[in-house]
There are 2 protein chains.
Amino acid sequence: MTFKGKRFNIKNVTGYIFEIYRKVVCIVTIKKVAELAGVSTATVSRVLNNKGNVSARTKMIVEDIIHEMEYEPNDLARMLYRGRSNMIALLVPDIMNPFFPELARAVEDTAKSEGYTCILCNTDGDYYKEISYIKAITQKKIDGVIIVSNTITEDEVDDINLPVVMLDRKTKANVNSITIDNQAGVQDAINFLKSLGCKKIAHLAGPENDINAQVRKDYYLKEVGQEKWFDSDMIAFGDYDFDKSVIATKKILSNNSDIDGLFAGNDLMGFGALKAAYDLRIDVPKSLSVIGFDGISLGETVTPSLTTMEQPIYDMGMYAVKILLDQIEGEKVYRHKKFFAQLKKRESTKQGD
Amino acid sequence: MTFKGKRFNIKNVTGYIFEIYRKVVCIVTIKKVAELAGVSTATVSRVLNNKGNVSARTKMIVEDIIHEMEYEPNDLARMLYRGRSNMIALLVPDIMNPFFPELARAVEDTAKSEGYTCILCNTDGDYYKEISYIKAITQKKIDGVIIVSNTITEDEVDDINLPVVMLDRKTKANVNSITIDNQAGVQDAINFLKSLGCKKIAHLAGPENDINAQVRKDYYLKEVGQEKWFDSDMIAFGDYDFDKSVIATKKILSNNSDIDGLFAGNDLMGFGALKAAYDLRIDVPKSLSVIGFDGISLGETVTPSLTTMEQPIYDMGMYAVKILLDQIEGEKVYRHKKFFAQLKKRESTKQGD
DNA sequence: TTGAAAGCGCTAACAG
DNA sequence: CTGTTAGCGCTTTCAA
């Protein structure tokens with residue numbers, strides 16, 4: 001027998017009928033499968049979940065129908081029944097900030113490998129967006145959320161009715177957190193510059209309202225505040241912004257031609273510093289050594305490539321998901337994991353030994 | 001009356017009791033709200049959705065309870081009833097590729113503003129990951145999907161049972177698509193280099209299995225294939241990868257010292273070309289003009305900043321969502337929108353007039 | 001081994 | 001104006 005140029009045996013014909021049925025009736029539910037298989041929905045469910053006892057014969061029949069009908073269970077119904085969605089959300093200020101794609105990738109990878117789907121939310125560090133996202137997330141019965149935020153208050157975090165991991169931010173003891181050791185990182189950065197022979201080290205700082213930025217600036221101060229050469233002119237504000245960093249660096253370098261080291265509070269500002277030096281025809285690293293903080297992969301592509309204190313971004317994201325899932329699955333203990341940044345020598349600093 | 005150091009009036013006490021109730025009973029459902037308000041769930045639902053007739057008095061009572069109990073409707077239940085989730089998915093090869101964060105941002109922004117939530121999926125261009133994501137998406141009753149992919153076949157796209165927009169890829173007439181005009185873009189790039197006086201223009205091409213990469217290479221060939229100076233040595237493969245591009249560019253430049261123009265198939269490869277030139281002490285743009293393709297924002301931060309054919313990435317993402325939502329809401333016509341890349345002059349090409 | 005039935009939390013006909 | 005009821009598609013007792 002042939003039809004539409006295809007050969008059909010009995011089996012094929014059955015398949016074809018099912019196909020028509022599927023296309024016309026459109027939504028194949030467990031009920032329809034059950035009907036066609038001549039069993040109850042309970043049995044189909046048992047086959048579906050490989051749970052409970054089903055005779056080999058029945059199982060085969062059901063599986064056949066499932067296959068023929070290309071039946072796929074409706075996850076919404078399952079979620080509703082279970083009261084869980086197997087989804088987690090990631091709240092970041094802005095995925096366009098080069099720090100976050102790597103984090104997002106880690107989170108998504110890890111989530112997927114554990115059977116979870118990942119929702120991406122850009123908050124712009126805007127308080128109202130954060131709140132509105134958290135509300136939406138709660139209503140959607142998202143199972144947990146990883147938050148990167150400087151704006152959200154501890155009380156608000158406390159109020160969130162689902163498992164939370166705060167990233168890059170110290171929190172109360174009853175909220176999970178993942179942080180980077182800024183103190184050690186900054187010390188290492190400054191000491192490295194000093195070991196290179198830098199005699200006057202400036203700092204390009206992030207926004208005043210950003211906690212990490214403040215902390216890094218403070219540790220910079222702690223390291224160099226006592227030095228004879230130090231004065232408050234040594235600090236410029238790049239606000240985590242490339243353009244602002246270019247301008248700020250130009251200003252500080254023009255006013256202090258003897259600056260021979262620069263520690264940027266993040267890599268993007270480091271890029272700005274490199275650009276400023278280039279524009280001013282200052283040779284990096286010969287006359288000026290620049291070190292950043294973050295370790296974004298683009299640091300390798302700029303010229304000269306940017307030496308930096310590299311955060312284990314991927315690991316941080318991965319670990320955040322791990323902690324979150326543990327909480328979702330019922331773990332009661334809150335965890336606070338601290339990661340360490342590691343010196344990544346590249347071209348923007350003088351070559352030491 | 002005071003309790004736990006707080007002052008309470010009758011109203012507060014009620015609130016406090018509700019709070020305890022909420023914390024203990026944990027899940028506040030429409031049923032509980034109805035009970036407490038002394039009405040039926042139907043009425044609560046009507047208040048919730050501002051639909052149907054409810055007396056002002058009843059409405060107030062219900063709203064009060066909702067507020068006191070901090071009741072938030074369970075979206076899963078709503079979704080199940082409606083058969084829709086108000087979520088869309090974005091499938092990209094890898095969010096760490098700097099082209100995609102901007103796209104993701106546009107998609108997420110637009111989706112959010114239309115009341116949709118956005119799911120992020122990294123496929124690595126891997127066929128099986130794509131299929132598995134699409135299956136998961138279908139089961140989750142995600143309403144639609146935007147796909148960036150070179151690997152997925154047309155038949156597979158055809159088989160997807162929900163609205164689809166393909167990005168950066170020509171498709172059958174019955175699938176929505178958003179593309180960039182590669183022909184015009186490449187012509188503009190090459191013509192611009194020629195207008196600068198470049199006499200020998202090389203090309204850094206993307207992977208052989210990437211359609212856009214191939215098309216760009218073909219149009220490059222069309223533009224310069226007839227030139228006396230041209231031979232197949234003028235094409236190097238950077239495979240959309242920074243490191244490979246550095247190596248490939250070094251090789252091609254070493255073998256052909258008279259190359260004075262280079263067209264990279266994307267910006268990341270452009271970065272590689274700049275790095276190669278820097279390492280070889282070739283002055284960009286004086287001895288070599290480099291132009292990329294994409295217009296990623298990082299192009300501004302490298303040194304020298306990269307001239308490029310800028311795609312309206314954000315607009316493309318926005319438009320993709322618009323088309324997708326139209327389809328979701330029942331639009332029957334398939335749309336094929338072509339965008340144009342625009343020359344963005346920066347420092348990596350000689351300054352023309 | 002299997003089916004009937006209740007229910008996850010919500011919405012919307014349909015009556016009253 | 002409001003309540004009753006059925007049902008979205010699935011899972012899981014509880015009986016048979």
Side-chain angles (χ1 to χ4, degrees), chain A residues 22 25-63 65-66 69-87 136 138-143 161-162, chain B residues 22 25-63 65-66 69-87 136 138-143 161-162:
Chain A
R22 193 165 45 73
V25 180
C26 224
I27 286 183
V28 184
T29 66
I30 197 172
K31 212 167 158 186
K32 299 220 177 89
V33 173
E35 249 168 54
L36 286 164
V39 298
S40 74
T41 60
T43 300
V44 178
S45 176
R46 280 189 273 258
V47 172
L48 232 43
N49 300 292
N50 227 345
K51 226 184 218 171
N53 290 324
V54 185
S55 76
R57 204 184 111 76
T58 312
K59 190 172 173 186
M60 252 194 51
I61 297 177
V62 172
E63 276 172 345
I65 302 285
I66 287 178
M69 304 284 293
E70 294 182 23
Y71 164 69
E72 292 181 345
N74 180 331
D75 262 349
L76 287 182
R78 290 176 151 180
M79 291 175 194
L80 176 59
Y81 180 84
R82 299 198 178 116
R84 287 195 16 202
S85 64
N86 270 40
M87 299 197 275
T138 312
Q139 292 192 204
K140 286 202 162 47
K141 301 294 166 191
I142 304 292
D143 298 330
N161 266 320
L162 65 172
Chain B
R22 192 166 45 73
V25 180
C26 226
I27 285 182
V28 184
T29 66
I30 197 173
K31 212 165 156 187
K32 301 225 174 87
V33 173
E35 251 168 52
L36 286 163
V39 298
S40 74
T41 60
T43 301
V44 178
S45 176
R46 279 188 276 259
V47 172
L48 232 43
N49 300 292
N50 227 346
K51 226 183 219 172
N53 291 323
V54 185
S55 76
R57 202 184 112 75
T58 311
K59 190 173 172 183
M60 253 196 48
I61 296 176
V62 172
E63 276 172 345
I65 302 284
I66 286 178
M69 303 284 293
E70 294 182 23
Y71 164 70
E72 292 182 344
N74 180 332
D75 262 349
L76 287 183
R78 290 176 151 181
M79 291 175 194
L80 177 59
Y81 182 83
R82 298 198 179 114
R84 286 191 21 197
S85 65
N86 270 42
M87 299 196 275
T138 312
Q139 293 193 201
K140 287 200 162 44
K141 301 294 165 193
I142 303 292
D143 298 331
N161 266 319
L162 65 173

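FYI, side chains are in, hydrogens and waters are out, and symmetry mates aren't considered; it's all heavy atoms of this structure.
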List the steps, then state whether side chain to side chain contact (heavy atoms under 4.5 Å, CB included) holds for A:Asn74 with A:Thr29.
CA-CA 8 Å; A:Asn74 180 331; A:Thr29 66; over 6 Å; no

Who pairs with A:Lys141 by salt bridge (charged side-chain N to carboxylate O under 4.0 Å, His left out), at least two apart in sequence or on another chain?
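Per chain and number, A:Lys141 pairs via salt bridge (charged side-chain N to carboxylate O under 4.0 Å, His left out) with no residue.
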
Rounded distance in Å - [atom1] ([X]) to [atom2] ([N]):
X	N	atom1	atom2	value
A:Gln139	C:dC10	CD	C1'	12 Å
B:Asp75	C:dT11	CG	C1'	13 Å
B:Leu80	C:dG9	CG	P	12 Å
A:Lys141	C:dC8	NZ	C1'	11 Å
B:Glu72	C:dC10	CD	C1'	15 Å

Review item, nucleotides 3-7 of chain C N/O atoms under 3.5 Å of protein N/O:
unit_1 : atom_1 : unit_2  : atom_2 : d
C:dG3  : OP2    : A:Ser40 : N      : 2.9
C:dG3  : OP2    : A:Ser40 : OG     : 3.2
C:dG3  : OP2    : A:Thr43 : OG1    : 2.7
C:dG3  : N7     : A:Arg46 : NH2    : 2.8
C:dG3  : O6     : A:Arg46 : NH1    : 3.3

Locate the shortest heavy-atom distance separating [X] from [Y]; write the atom from each residue and the value.
X	Y	value
A:Lys31	A:Thr41	CA-CG2, 3.9 Å
A:Ser40	A:Ala34	C-CB, 3.7 Å
A:Lys140	B:Ser85	CE-O, 4.1 Å
A:Leu162	A:Ile142	CD1-O, 3.1 Å

Any residue in residues 49-57 of chain A with a heavy atom nearer than 4.0 angstrom to DNA chain D? Just list them by number, or reply none.
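Of all residues in residues 49-57 of chain A, the ones placing a heavy atom under 4.0 Å from DNA chain D are A:Asn49, A:Lys51.
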
If you round to the nearest 0.5 Å, how far is [atom2] of [Y] from [atom1] of [X]?
X	Y	atom1	atom2	value
B:Thr138	A:Glu70	OG1	CD	11.0 Å
A:Ile66	A:Ile30	CD1	CD1	8.0 Å
B:Arg46	B:Thr43	CZ	OG1	4.5 Å

Using a 3.5 Å cut-off and no angle test, enumerate the donor-acceptor pairs between side-chain atoms of residues 47-59 of chain A and protein atoms at least two apart in sequence or in another chain.
unit_1  : atom_1 : unit_2  : atom_2 : d
A:Asn49 : OD1    : A:Arg78 : NH2    : 3.4
A:Asn49 : ND2    : A:Ser45 : O      : 2.9
A:Asn49 : ND2    : A:Ser45 : OG     : 3.3
A:Ser55 : OG     : A:Thr58 : N      : 3.1
A:Ser55 : OG     : A:Thr58 : OG1    : 2.6

Student check: side-chain heavy atoms of B:Asn86 and B:Asp143 closer than 4.5 Å
yes

End-to-end bend of the helix from C:dT1-D:dA16 to C:dG16-D:dC1 (five-pair axes, 10° rounding)?
50°

Considering only heavy atoms of chain B and a distance under 4.0 Å, specify the first and last nucleotide of DNA chain D in 5' to 3' order that meet this criterion.
D:dC1 to D:dG9

